[in-house]
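Reminder, nothing fancy here: chain letters follow the sequence lines and each chain counts from 1.
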Amino acid sequence: MKRRAWPLIGILAFGYAFLYVPILLLILYSFNESRLVTVWSGFSFKWYGALLHNHQLLDAAWLSIRIAATNATVAMVMGTLAANALVRHGRFRGRTGFELLLTAPLVMPDVIIGLSLLLLFVAMQQLIGWPTGRGFTTITIAHVTFSMAYVAVVVRSRLGQMDASLEEAAMDLGARPLGVYMRITLPLIAPALLSGWLLAFTLSLDDLVIASFVSGPGATTLPMVVYSSVRMGVSPQINALATLIVAVVALAVVIAGISLGRKPGR
Amino acid sequence: MAVTTDRRLLEPWQDPKAPPYLRIDRVTKRFGDLYAVDDVSLNIFKGEFFSLLGSSGCGKSTLLRLLAGFEYPTSGRIFIDGVDVTDVPPYSRPVNMMFQSYALFPHMTVEQNVEFGLKQDRIPKKERQERVGEMLDLLKITELRKRRPDQLSGGQRQRVALARSLAKHPKLLLLDEPLGALDKRLRESTQFELVNLQERLGITFVTVTHDQEEAMTMSTRIAVMDAGQIMQVDTPTAIYEFPNCRFTAEFIGSVNLFEGKVIEREADQVLIEAHHGGTLRMRSFHPHPLGTPVTVAIRPEKMRLSEAPSPDGVNQLRGIVEDIAYLGDVSIYRIRSNGGQLVEMTLTNHQPRTEQALTWEQAVSVEWSPTSGVVLTE
């Protein structure tokens, strides 16, 4: 028994190492004294200090967070509406087409999404004068188009698992359709909404390809800044920023886990 | 005279002038090509415990959902207490339903579940709490008030569901397989409790069940359904003793059917020539013309079994014992008649099994009196 367990533990350790050692190294080197990312020369917070004065990086981070939050919120609402239509409204006309179009962005290459949206925005600007230029608005719209699909998938599976007679029971007890939705359906699918929101937020924060297509001058997202600065050599400031983001994400995951885990039932 | 009055109070369906409390008037529900409910008319009276009985897919659940308002009929009208509710949405109907899955709201406590309906009616908080307290008391679940549905047993959930559906004092309570999810022992005790509760509250109950025993014990009347249609509506006794068609006779309990045709009529009896041989004499109030193909239906416990035919007996069938199933209180005998038909009968084991004389392959005679069964034309 024990002899057979060792190789398994080894594989597990390798798997975890493969996933997390790079992140740990990245965090470690954010406290490095040296300017070179690969050489350790002593412990220091100086890159965190430098980060505070690096307006280009901070502005990009703030823009990315604003885009990600707006995107996540809009995608959550629209994805939930789409999931509702698919689960609750039976076989309406054009359902198959709707489902196909909704989930297409999941498999569509980013390059194609980015390019097609860029062409659309340019054409729209010429035809109706909106959106004027490219930046926050266009990136957010672009991100919503694909994040919405992810939210719809998550919410849809939750809605599908929900016992439809719960809604009927609420209606039977005198609740009108809107009341049923607010008091029964929403509280029960709330965990899916939250995970959908987080998923959309992460997807948007991550995205480099699509944002590069549809952004304009003056609207540079964090991944774009990081990517372009890496080409000129990585500054440990980016390590510092990444460490902060990892910390915030870890905190959010822990909080979400605790608050969802406390709620009994499904 | 006093007796008839009493009877009318207890059995309002006997009184042609009694107004029905729930009137289903030629209701049809079609899903595509399928007639889930096919031209059903039904009168149910105040205070009844009415059961819709049938196998799965017979349309009984659809009929219940039509009453609750979750489905709207393709044609026909539904009246509750004289008001046409056919187009009234479920949230405005004076009807509540107990779901088969109970459908308790998992994110609410027992108390909040029961209170939900009262809240929708904007009843003031004080009165709401009183009514919730009453309901929890009535169903003896007061100590569970702070629990959530996933912390309850099946029986407790059933009580909460019942409390929730009764809290609004509906004119009609619909119960979808109310005992379906309970184990056998709990089911039996709950049956009596449900009947007592219904009698105390005086609320009209309409329940859907596939379990004939359940329907027999609880109901004032039963409607037997098949393929979207109602085959027979009557009291449990009448349904069992006087089924009006082969379907009902075979669906409720076991029955022996002898096919034949009418060869003679006298007063209230008919003589029937059975296809498997022999002449049967049965009581029948229907004026069957000579030659009518009929089926004689006899319940297994209404027959006598003897080793030799009695000299003056009518309806005698000779055969041999093919099978004996000993069930403790009763034994089921399968007898192959000389005409080749298999007859099933039930005998109470008055004597210990070891004392009984009948055994396999023994020649016996099966007999019954003309009033022990019914003559069916279809």
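- When the candidates B:M97, B:K168, B:Q120, B:R93 are compared by the number of heavy-atom contacts under 4.5 Å with chain A, B:Q120 comes out ahead.
- At most 12 non-hydrogen atoms from other residues, nucleotides or ligands lie less than 6.0 angstrom from CZ of B:R26.
- Contacts between B:M98 and chain A at a heavy-atom distance below 4.5 Å are absent for every atom of the residue.
- For B:F70, the part lying near chain A is the side chain, with the backbone staying farther off; criterion is any non-hydrogen pair under 4.5 Å.
- Per-residue counts of heavy-atom pairs under 4.5 Å with chain B were compared for A:D163, A:I184, A:L173, A:L166; the largest is that of A:L173.
- Nearest heavy-atom pair across A:P177 and B:Y91 is CD-CE2, 3.4 Å.
- In this structure, A:R176 places its CZ atom where only 12 or fewer heavy-atom neighbours from other residues, nucleotides or ligands lie under 6.0 Å away.
- In the displayed structure, A:F92 atom CZ is contacted under 6.0 Å by more than 12 heavy atoms of other residues, nucleotides or ligands.
- A distance of 8.5 Å separates CZ in B:R164 from CG in A:D172, rounded to the nearest 0.5 Å.
- Your options are B:A68, B:S101, B:S165, and the one with the most heavy-atom pairs under 4.5 Å with chain A is B:S101.
- In this structure, chain A has no heavy atom under 4.5 Å from any part of B:L118.
- Proximity to chain B (any heavy atom under 4.5 Å) is shown, for A:A164, by neither the backbone nor the side chain.
- Nearest heavy-atom pair across A:R183 and B:H107 is O-NE2, 2.9 Å.
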